[in-house]
Amino acid sequence: MRVPQCELGSIVGERAHPLSDTIAGLDEALAAVDAFDQALVAGLLRPQPAQAAGLTELAHAVTGTPLAARVAEAAEKAAAGAASEDHFVALAAARTALLGSVHDALMTRVEEATGRTHGEETRPAPGGRQPANLLSAARSWLSDLARAGWQGIDHDLVSGAAQVVSAMLPDPALRRLAILLDGFSAELAASCPGASLERIPVRRWGDLWSRAMLLTVPGAADVPATGTATGRLLPLGVDVQEHATAAQAQVHAVFEPADGGAPRLVRAGVSVPKPDTVVGAGLWQLLRPHLSLLAAFSEGRSMDLTDMPVTAEGDLIWSDEQARPSEPADAFATARVALSTATAQVTAPLDRHPAGIAVPVFLQGYVVQKAAQNDAQEDAQKTVQKAVQKAAQEDRDALTFIVAGHPLAVDTDRIPTAGPLTPEAVAASGACIGLLRWDAGSFSVQPLAVETTVRKKALAIHAGGWAGGTTDKVGVKAEKAATDAVAVLRERAGRLLRK
């Protein structure tokens with residue numbers, strides 16, 4: 001049987017699929033990160049032999065790099081329980097560098113698959129002067145965390161961040177670190193005492209700890225270099241992320257400069273706090289007023305930008321005064337015509353992490369396959385526990401796109417409830433705009449929009465389809481519930497302020 005022609009960015013079906021190839025050294029780099037993360041679990045106040053081995057593995061992984069000597073010394077001191085704050089900074093730098101190397105290796109494969117190049121790196125602009133005493137206080141608290149370990153955290157230790165965060169928040173130059181410390185300490189506080197934890201998010205807390213530690217180094221938080229963008233913005237899709245107290249919408253788009261320069265990939269995002277009673281389509285009421293691009297996307301329009309600030313990493317610093325709705329622009333037409341020629345933006349050093357990979361891609365001509373189609377015949381034993389049956393059912397429902405003869409997992413868990421896109425629509429699709437991601441050792445695609453056929457008519461369904469409003473019954477109901485919840489909260493807040 002002839003394999004259908006497939007596209008991934010500019011990849012053609014006859015080409016080998018670079019996303020499935022093994023990357024030399026990747027497993028070893030991740031193993032060194034995991035070894036260090038395990039050392040943080042029990043803490044580095046009185047390290048045991050297994051923890052010392054993890055520290056040594058991290059040091060060996062950066063042998064031959066400019067970090068080698070400092071990390072070797074830091075690992076030796078930490079293994080003896082005598083690490084200073086500077087030693088912890090060196091260990092955090094080694095861990096971050098290893099994950100950065102993994103990110104770069106993965107992005108090289110993505111560029112091979114899409115045929116897309118990236119822009120030139122630029123040096124960040126110097127940030128404002130940061131008070132050394134506050135940076136030192138934050139570094140001291142993070143060092144105490146490393147000594148105690150995740151199993152040794154308690155409320156007294158975790159609460160030590162509160163005063164530092166309060167002092168940092170008024171200073172814009174320190175706000176990035178302050179918000180990180182605030183969220184990190186809140187997460188740790190909810191997990192206290194560490195000795196009673198059944199499961200520890202080892203990688204996540206290692207990520208947060210190492211990033212925060214590096215941000216205490218003067219100059220690490222320098223702002224990205226910015227320029228301006230004048231031209232046409234062609235939206236591709238909206239990535240929505242929701243938490244109990246916050247929501248974010250990020251629009252991925254192709255920007256065509258007015259001066260005729262090469263098109264490039266950009267992003268425009270908005271984040272807002274939210275009450276936990278506002279969920280699903282109700283999120284748009286909170287997000288919509290801050291980003292006119294959401295309404296334009298929902299209407300299927302492009303936007304004309306005039307001197308819109310943009311960072312070297314491709315993030316538009318959105319201002320409604322510098323944007324206006326323009327001509328109709330179909331996202332799938334943009335994906336077919338402009339996406340493969342758009343230049344990818346560079347990633348800032350501290351943001352080079354495998355979890356941060358989110359590359360817009362266009363897929364078509366793939367074969368949709370459910371996991372059950374690959375499974376052997378199941379043994380129908382009646383004694384199987386219900387929990388196991390449920391897990392097996394979830395596995396069977398997992399989707400895979402067969403692209404050019406190679407499987408590419410579909411991450412349907414990332415499809416937001418705030419839009420009309422569903423896993424069922426993805427399973428019935430023939431074309432997809434998505435974000436290429438990497439997790440747990442393999443690439444996957446997060447659908448942002450799909451083309452499918454309903455009653456013999458082609459239909460495009462977008463995850464952000466309700467961004468500008470909707471007549472869908474489910475969406476209207478969720479928006480009304482959000483309106484009522486927000487109105488009540490505003491009335492209560494006003495009452496408190498009047499007292």
Side-chain angles (χ1 to χ4, degrees), residues 127 165 168-187 204 207-208 211-212 215 221 223-224 226 233 235-253 265-298 303 305 308-323 345 347-348 350-351 353 355-358 360 414-419 435 437 446 448 462-468 478-479 482 485-486 489-490 493:
V165 170
M168 284 183 167
L169 279 174
D171 188 343
L174 294 174
R175 199 160 292 158
R176 180 182 180 187
L177 175 57
I179 292 172
L180 174 55
L181 291 177
D182 189 35
F184 188 21
S185 60
E187 195 168 314
R204 174 174 171 77
D207 284 341
L208 295 174
R211 174 175 286 248
L215 287 176
V223 296
T226 57
L233 189 70
L236 290 166
V238 184
D239 179 20
V240 183
Q241 299 178 26
E242 178 184 356
H243 300 280
T245 59
Q248 179 188 63
Q250 190 172 58
V251 181
H252 291 262
L265 294 175
V266 295
R267 300 175 294 257
V270 57
S271 300
V272 294
K274 78 172 191 68
D276 56 10
T277 52
V278 176
V279 296
L283 299 178
W284 299 118
Q285 290 196 21
L286 304 177
L287 296 164
R288 205 175 288 144
H290 302 283
L291 190 67
S292 59
L293 178 57
L294 294 174
F297 172 80
S298 186
M303 294 201 84
L305 308 184
M308 180 75 74
V310 60
T311 70
E313 285 75 45
D315 291 300
L316 295 168
I317 303 173
W318 194 261
S319 169
D320 280 346
E321 289 74 23
Q322 291 163 293
Q345 301 303 318
T347 306
L350 283 185
D351 295 333
H353 189 293
I357 294 175
R414 287 183 180 266
I415 297 176
T417 58
L435 296 177
R437 295 186 178 274
Q446 171 195 345
L448 297 181
H462 296 264
W466 296 345
E479 290 236 13
V486 171
L489 288 169
R490 283 176 177 163

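Everything numeric here is computed off the predicted structure, so don't read it as measured data. As a basis for the values below, the full set of heavy atoms in this structure was taken, side chains included, without hydrogen atoms, waters or symmetry mates. Starting from 1, each residue takes its place in the sequence as its number.
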K.L.:
Quick one: does any side-chain atom of R267 pair with a main-chain N or O of G314 as donor and acceptor, under 3.5 Å?
P.N.:
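Judged by distance alone, no pair lies under 3.5 Å.
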
K.L.:
If you look at every heavy atom in L286 and P273, which pair is closest and at what distance?
P.N.:
CD1-O, 4.1 Å

K.L.:
Do you know which of T417, V240, V272 makes side chain to side chain contact (heavy atoms under 4.5 Å, CB included) with L283?
P.N.:
V240

K.L.:
With rounding to the nearest 0.5 Å, note down the distance linking NE2 in H353 to OG1 in T347.
P.N.:
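Those atoms lie 13.0 Å apart.
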
K.L.:
Indicate the atoms forming the closest heavy-atom contact of A249 with W284, along with that distance.
P.N.:
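Nearest pair, atom of A249 first, then W284: CB-CZ3, 4.2 Å.
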
K.L.:
Looking at every heavy atom in both A348 and E313, which two are closest together, and how far apart are they?
P.N.:
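That closest heavy-atom pairing would be N-CG, 3.6 Å.
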
K.L.:
When rounded to the nearest 0.5 angstrom, what distance separates CG in L293 from CE in M308?
P.N.:
8.5 Å

K.L.:
Do H462 and L236 have side chains that approach each other closer than 4.5 Å (heavy atoms only, starting at C-beta)?
P.N.:
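Not touching, per the 4.5 Å side-chain cut-off.
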
K.L.:
For W318 and V270, indicate whether the former's side chain and the latter's backbone hold a donor-acceptor pair under 3.5 Å.
P.N.:
no

K.L.:
Out of curiosity, Q446 CD to D239 CG, how far, rounded to the nearest 0.5 Å?
P.N.:
4.5 Å

K.L.:
Does T245 use its side chain to pair, donor to acceptor, with the backbone of K274 at less than 3.5 Å?
P.N.:
no

K.L.:
Could you grab the distance from atom CG of L181 to atom CG of L208, nearest 0.5 Å is fine?
P.N.:
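Rounded to the nearest 0.5 Å, the CG-CG separation comes to 10.0 Å.
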
K.L.:
Give, for atom CG of L435 and atom CD of Q250, the distance between the pair rounded to the nearest 0.5 Å.
P.N.:
8.0 Å

K.L.:
Do L316 and P309 have side chains that approach each other closer than 4.5 Å (heavy atoms only, starting at C-beta)?
P.N.:
no

K.L.:
Quickly, which of L233, D315, L305 forms a side chain to side chain contact (heavy atoms under 4.5 Å, CB included) with V266? Name it, please.
P.N.:
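Passing option: L233.
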
K.L.:
Nearest 0.5 Å, please: how far is CD in Q322 from OG in S292?
P.N.:
11.0 Å

K.L.:
If you take all heavy atoms of P235 and A253, which pair is closest and at what distance?
P.N.:
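Closest approach of P235 to A253, heavy atoms only: CA-CB, 3.7 Å.
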
K.L.:
Compare every heavy atom of P170 with every heavy atom of R175, then report the nearest pair and how far apart it is.
P.N.:
NH2-O, 3.4 Å

K.L.:
Is a donor on one side and an acceptor on the other found under 3.5 Å between the side chain of R414 and the backbone of L448?
P.N.:
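Here the side-chain-to-backbone pair does not exist.
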
